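Below: one structure, written as C-alpha cells.
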Amino acid sequence: MPRADERAHALGVPSTAPGATACRAALASPPEAPPLAGAGPHADADLPPLPPAFETLLRTVLPEPWLALALASYTAPKDVVFRLNPLRLHDRAAALQALQALPLQPLDGVTDVFRVPPAARDALTHHPLVADGHLYIQGAASMAAVWALQPQPGEEILDLAAAPGGKTALMAACMDNRGRIAAVEPVRARFFRLKANLQRLGVRIAQLYPKDGTVVGRLVPQRFDRVLLDAPCSSEAQITRLDPASWAHWSPRKVHASAALQLRLLHSAAEALKPGGVLVYSTCSLSPQENECVLDALLRRRDDLEPEPAPWPCPLPALPGLTRWAGQSLHPGLTHARRVVPTTWTDAFFLCRLRKRQPAA
C-alpha cells in the first residue's frame with residue numbers, strides 16, 4: 001500500500017517522513033512568521049477587551065513568549081491559508097498562473113499549501129478556482145488533524161463530526177479517492193453543506209450519514225481503520241477583538257457543556273476503531289476542559305488506547321499537551337498532544353493521536 005509521503009505532491013501532506021525535525025523545531029521556540037503585507041494590528045485602546053474568563057484561560061495555558069503572540073493575534077485580521085485540491089485540479093502550473101496576482105507564500109514542510117495576507121482575502125474567496133473546487137480555503141491547524149491521522153488508500157475511515165467537509169476532502173485526497181469514508185453529521189443544515197462541499201471538491205468515496213455520532217460506536221464496533229473526531233466545541237478559535245459578536249455564545253458554562261458531549265463522542269469513536277487503528281481527537285478550543293480533561297476521562301475508563309506522537313510536518317507554533325490541570329494529574333501520555341497557538345497565520349487548535357492496542361494473544 002502506498003505511503004502518505006509518496007502522495008505528497010498537491011495533497012498538502014508531508015514530503016518527508018513523519019516525525020521530523022520540523023516538529024521538534026516547532027515545539028522548541030515560537031517560529032512566528034512575520035505578517036504578510038496588508039496586515040497590521042489595531043491599537044489596543046480602540047478595541048473591546050477579551051472576556052475576562054477567556055483572557056485568564058490564555059494566561060494560564062500559554063507561557064511567554066507564546067502568550068504575547070496569542071494576545072497580539074486577537075487585534076488584527078489573520079493571513080488566509082489555502083491548499084490546492086488534487087481531486088479537481090489537473091493542471092497545477094495553470095492554477096498557479098491564475099493565482100499569480102496574489103502574493104502567495106508557501107507553507108514550509110508541506111506541498112501546495114499557501115497563505116496570503118488579509119488584504120487578499122476577498123480576491124481569493126471570489127476566485128474562480130474556489131468556486132470550481134480547485135482550491136480550498138482551510139486553516140493549517142485544521143489540516144494538521146488529517147496529517148496526524150495519515151489516512152491511506154483502501155482504508156475504511158470514520159469522520160465522526162464531518163461538516164463542513166474540509167478535513168473529509170483532504171482525507172479523500174490523501175487516499176487518492178480509494179477506500180471508504182463514513183462521514184457523520186447530525187445537524188441538518190450542516191449535513192447539506194457537507195454534501196455540497198464534498199461534491200464540489202470531487203470526493204467520490206464518502207458515504208454521508210445524518211446520524212447522532214454518540215451511537216455510531218455501538219452500531220459498528222471495531223469497524224474502522226482510522227477515526228477522526230474533530231469534536232463540536234466552544235469555538236474559542238473564532239474569538240477576535242475585532243468583533244465582540246465572536247464571543248457572544250462563549251462562556252465557561254459553554255465549555256463545560258461542550259466537554260460533556262465531547263466525551264460521549266470520544267467513547268463512540270473509540271468503540272468504532274479497530275484494534276491497531278489510529279484515532280485523532282481535535283477541537284478548535286484551547287480549554288483543557290475540552291481537550292486534555294476529556295481525553296484523560298476516556299483513558300481512565302479504557303486501557304486499550306494510548307496517546308502517541310503525531311506527524312508534524314509544518315512548523316505550526318504549538319505546545320505539548322498538559323499532564324496536570326486544576327491541581328489534578330492527567331494521563332502522562334497527553335504530553336504527545338499538541339495545542340496550536342493562535343498567531344497572525346494560525347488559529348487556536350488542539351489535537352491528540354491515539355493508538356488502539358491489539359488484544360493480548
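These numbers were taken from a predicted model, which means no experiment stands behind them.
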Donor-acceptor under 3.5 Å ([X] side chain, [Y] main chain):
X      : Y      : answer
Glu292 : Leu322 : yes
Lys356 : Ala270 : yes
Arg338 : Ala318 : no
Arg226 : Gln150 : yes
Arg188 : Pro210 : no
Asn197 : Gly166 : no
Thr346 : Val341 : yes
Ser73  : Ala70  : yes
Arg115 : Leu107 : no
Asn85  : Gly133 : yes

Nearest heavy-atom neighbours spanning [X] and [Y]:
X      : Y      : result
Ser287 : Leu57  : OG-CD2, 3.3 Å
Met143 : Val81  : CE-CG1, 3.9 Å
Leu298 : Leu263 : N-CD1, 4.0 Å
Arg241 : Pro48  : NE-O, 2.9 Å
Pro118 : Asp79  : CD-OD1, 3.2 Å
Met175 : Pro151 : CG-CB, 3.9 Å

Above 12 or not: heavy atoms from other molecules or residues under 6.0 Å from [atom1] of [X]?
X      : atom1 : result
Lys211 : NZ    : no
Gln328 : CD    : no
Lys195 : NZ    : no
Arg204 : CZ    : no

Could you tell me which residues satisfy side-chain contact (heavy atoms from CB on, under 4.5 Å) with [X], sequence neighbours excluded, listed by chain and number?
X      : value
Pro332 : none
Thr240 : Leu242, Asp243, Ser246
Pro309 : His336
Asp303 : none

Open item on the list: Please determine whether side chain to side chain contact (heavy atoms under 4.5 Å, CB included) holds for the pair Ile157 and Leu228, giving the CA-CA distance in whole Å, both sets of side-chain angles, and the decisive distance to 0.1 Å.
Closed with: CA-CA 8 Å; Ile157 312 289; Leu228 174 63; 5.6 Å; no
Value rounded to 0.5 Å, distance of [atom1] in [X] from [atom2] in [Y]:
X      : Y      : atom1 : atom2 : value
Leu229 : Ser268 : CG    : OG    : 8.5 Å
Cys352 : Leu299 : SG    : CG    : 7.5 Å
Arg178 : Ile205 : CZ    : CD1   : 9.5 Å
Thr335 : Leu330 : OG1   : CG    : 11.5 Å
Gln262 : Cys233 : CD    : SG    : 6.5 Å
Phe82  : Leu99  : CZ    : CG    : 5.0 Å

Open item on the list: Test: side chain to side chain donor-acceptor pair (under 3.5 Å). Region: residues 54-65. Which pairs qualify, not counting sequence neighbours?
Closed with: Glu55-Arg59
TODO: Not counting sequence neighbours, list each pair that qualifies as a ring pair (Phe, Tyr, Trp, His ring centres under 6.0 Å) and has a residue in residues 185-224.
DONE: none
Task: All pairs passing ring pair (Phe, Tyr, Trp, His ring centres under 6.0 Å) where residues 125-144 contributes a residue, at least two apart - done: none
Contact between [X] and [Y] at the side-chain level, heavy atoms closer than 4.5 Å - yes or no?
X      : Y      : result
Arg353 : Val278 : yes
Trp147 : Leu170 : yes
Phe54  : Pro49  : no
Leu354 : Pro307 : yes
Val203 : Leu87  : yes
Pro288 : Val61  : yes
Leu58  : Tyr74  : yes
Trp250 : Val255 : yes

Task: Partners passing ring-ring contact (aromatic ring centres under 6.0 Å, His included) against Trp247 (at least two apart in sequence or in another chain) - done: none
Mind checking what makes salt bridge (charged side-chain N to carboxylate O under 4.0 Å, His left out) contact with [X], not counting sequence neighbours?
X      : answer
Glu236 : none
Asp304 : Arg302
Arg223 : Glu156
Arg355 : Glu308

TODO: Please report the C-alpha distance between Val146 and Cys174 in whole Å, then the side-chain angles of each, then the deciding distance to 0.1 Å, and finally whether the side chain to side chain contact (heavy atoms under 4.5 Å, CB included) criterion is met.
DONE: CA-CA 9 Å; Val146 179; Cys174 293; 4.2 Å; yes
- [ ] Could you tell me whether Arg92 and Asp112 have a side-chain N and a carboxylate O separated by less than 4.0 Å?
- [x] yes
TODO: Check the side chains of Glu290 and Ser234 for a donor-acceptor pair under 3.5 angstrom, ignoring hydrogens and angles.
DONE: yes
Open item on the list: Checking Phe349 against Ser282 for the side chain to side chain contact (heavy atoms under 4.5 Å, CB included) test, could you report, in this order, the C-alpha distance in whole Å, the side-chain angles of both residues, the deciding distance, and whether it holds?
Closed with: CA-CA 7 Å; Phe349 202 75; Ser282 64; 3.6 Å; yes
Task: hydrophobic_cluster_shared for Leu135 and Leu96, side chain cutoff 4.5 Å - done: yes
TODO: Could you walk me through whether Leu295 and His331 pass side chain to side chain contact (heavy atoms under 4.5 Å, CB included), step by step?
DONE: CA-CA 8 Å; Leu295 287 160; His331 192 285; over 6 Å; no
